[in-house]
Amino acid sequence: MIIHNENLNIEQIAESGQCFRMNPIEKNTYSLIAYGRYLELKQIDESTVEFRCSEEEFKQLWKEYFDLTFNYKKIVDGLINGSDDFLKKAAEYGRGIRILKQEPFEALISFIISQNKNIPAIKSCIEAICKQYGERKINKELGGAEYYIFPRPEVLAQARCEDLRQCKTGYRDQYIIRAAQAVASGKLDLDSLIKCSHEEAVETLKSIHGVGIKVANCVSLYGLHHIEAFPVDVWIKKILKEIYQDKFDLNAYHGFAGIVQQYMFYYIRSNLIS
DNA sequence: GGCCAGGGCCCAC
DNA sequence: GTGGGCCATGGC
């Protein structure tokens, strides 16, 4: 499947810190494991991407996953033509980013793991967990490569601390187990949080041990697709302080602050600014 | 080899 | 309600 879209850049998405299982495999080409599937994507040119899958799979899954029905151009153009000089540059630089619709449970566990880790460490931790607890699959269409999907809640709910620590979770082992137990038992209904408001979702998520305001916002944004969520990590904190002197007006971006946040995050980490 | 990382908990104050 | 120590561990 060849897809044309001005605001679809696989490398930018993969490097934007929102997902942890999208990795480069060759030039301009990335692999991705999500929703029990393995996918390869190739950036043909600035606004063209090859999805290596059937048309049916694309329509059924990836079109939604990459949020391809949403108009990002409108938001990018709004920022580029706006009066905020920093956001102007950030949006221009990261205009191929989209907010993925990841699986809620995977997002929950992934961002619990993310606390006090850098992105490479988060990735290797998640890969180890998938290898140990996730179902093994073979991709028949794309060369028969094996891959491990993200484990189901019931499986992680029964994990042992010692085994999880082998995956380098550190002190987060109990957070992971208890969160998985909450989901597996039905005590935490993540799907129901998609329908309710972002604020309600964050409040509910924070009741999980090991989930604070930042992780809750990440789960809300990347796992529940509440694009008004605005996660503040050390990088965003640095921007808010150094660029905006802690006077950034979130209300100016009401309803899509999470997208703005993503441009900021990607831009500051690119090292283009000193 | 020390500092930092898409932080949160817990306990003083 | 707020601030600081502490947590486990890999990347750089």
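Every chain is numbered from 1, with letters handed out A, B, ... down the list of sequences.
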Atom pair distance, as rounded to whole Å: [atom1] in [X] and [atom2] in [N]:
{"X": "A/Leu205", "N": "B/dG7", "atom1": "CG", "atom2": "C1'", "answer": "15 Å"}
{"X": "A/Lys206", "N": "B/dG7", "atom1": "NZ", "atom2": "C1'", "answer": "13 Å"}
{"X": "A/Lys123", "N": "B/dA5", "atom1": "NZ", "atom2": "C1'", "answer": "15 Å"}
{"X": "A/Ile126", "N": "C/dG11", "atom1": "CD1", "atom2": "C1'", "answer": "16 Å"}

Handout entry: Spacing of the C1' atoms in C/dC7 and B/dA5 (rounded, Å)
Key =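 The same atom, C1', in both gives a distance of 14 Å.
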Problem - Spacing of the P atoms in C/dG5 and B/dC3 (rounded, Å) - result: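 About 15 Å, rounded to a whole number of Å.
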Practice task
Identify whether A/Ile138 and A/Tyr35 are in the same connected component of the hydrophobic contact network (ILVMFWY, side-chain heavy atoms under 4.5 Å).
Solution key: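 Unlinked, A/Ile138 and A/Tyr35 end up in two clusters.
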In terms of side-chain heavy atoms of [X], which of [options] is nearest?
{"X": "A/Asn116", "options": "C/dG10, C/dC12, B/dG7", "value": "B/dG7"}
{"X": "A/Ser124", "options": "B/dG6, B/dC9, C/dG11", "value": "C/dG11"}
{"X": "A/Gln115", "options": "B/dC10, B/dG8, B/dG6", "value": "B/dG8"}

Touch check for [X], heavy atoms < 4.0 angstrom, all strands: base, sugar-phosphate only, or nothing?
{"X": "A/Gly17", "value": "base"}
{"X": "A/Ile213", "value": "sugar-phosphate"}
{"X": "A/Gln174", "value": "nothing"}
{"X": "A/Phe20", "value": "nothing"}

Exercise for the section: On the 0 to 90° scale, with breaks at 30° and 60°, tag the A/Tyr222-A/Phe111 ring pair as parallel, tilted or perpendicular. Expected result: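 Taking A/Phe111 first and then A/Tyr222, their aromatic rings lie parallel (interplane angle under 30°).
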Practice task
Anything under 30° is parallel, anything over 60° is perpendicular, the rest tilted; go ahead and classify A/Tyr244 against A/Phe86.
Solution key: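 Rings of A/Tyr244 and A/Phe86: perpendicular, as their planes differ by over 60°.
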Practice task
Check whether the aromatic ring of A/Phe265 stacks on the base of B/dG6, taking stacking as ring centres less than 5.5 Å apart and planes within 30° of each other.
Solution key: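 Yes, A/Phe265 stacks on the base of B/dG6, since the ring centres sit under 5.5 Å apart and the planes are within 30°.
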Handout entry: By side chain to side chain contact (heavy atoms under 4.5 Å, CB included) - contacts of A/His254 (at least two apart)
Key =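 A/His254 satisfies side chain to side chain contact (heavy atoms under 4.5 Å, CB included) with no other residue.
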Check for a donor-acceptor pair, side chain of [X] on one end and backbone N or O of [Y] on the other, with a separation under 3.5 Å.
{"X": "A/Arg21", "Y": "A/Ile33", "result": "no"}
{"X": "A/Asn23", "Y": "A/Ser31", "result": "no"}
{"X": "A/Gln18", "Y": "A/Leu100", "result": "yes"}

Practice task
Decide yes or no, distance alone: a donor-acceptor N/O pair under 3.5 angstrom between the base of B/dG6 and the side-chain of A/Tyr266.
Solution key: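 No, no donor-acceptor pair under 3.5 Å.
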Handout entry: For DNA chain C, the residues among residues 99-113 of chain A that have a non-hydrogen atom under 4.0 Å from it
Key =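 Listed by number, there are none.
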Practice task
Could you tell me whether A/Tyr266 and A/Tyr93 have their ring centroids closer than 6.0 angstrom?
Solution key: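 Centroid separation for A/Tyr266 and A/Tyr93: below 6.0 Å.
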Problem - CD (A/Gln158) with more than 12 external heavy atoms under 6.0 Å - result: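 No, the 6.0 Å shell around CD holds no more than 12 heavy atoms from other groups.
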Exercise for the section: Strictly below 4.0 Å, heavy-atom distances to any atom of DNA chain B: list the hits from residues 159-173 of chain A, or just say none. Expected result: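 The answer is A/Tyr171.
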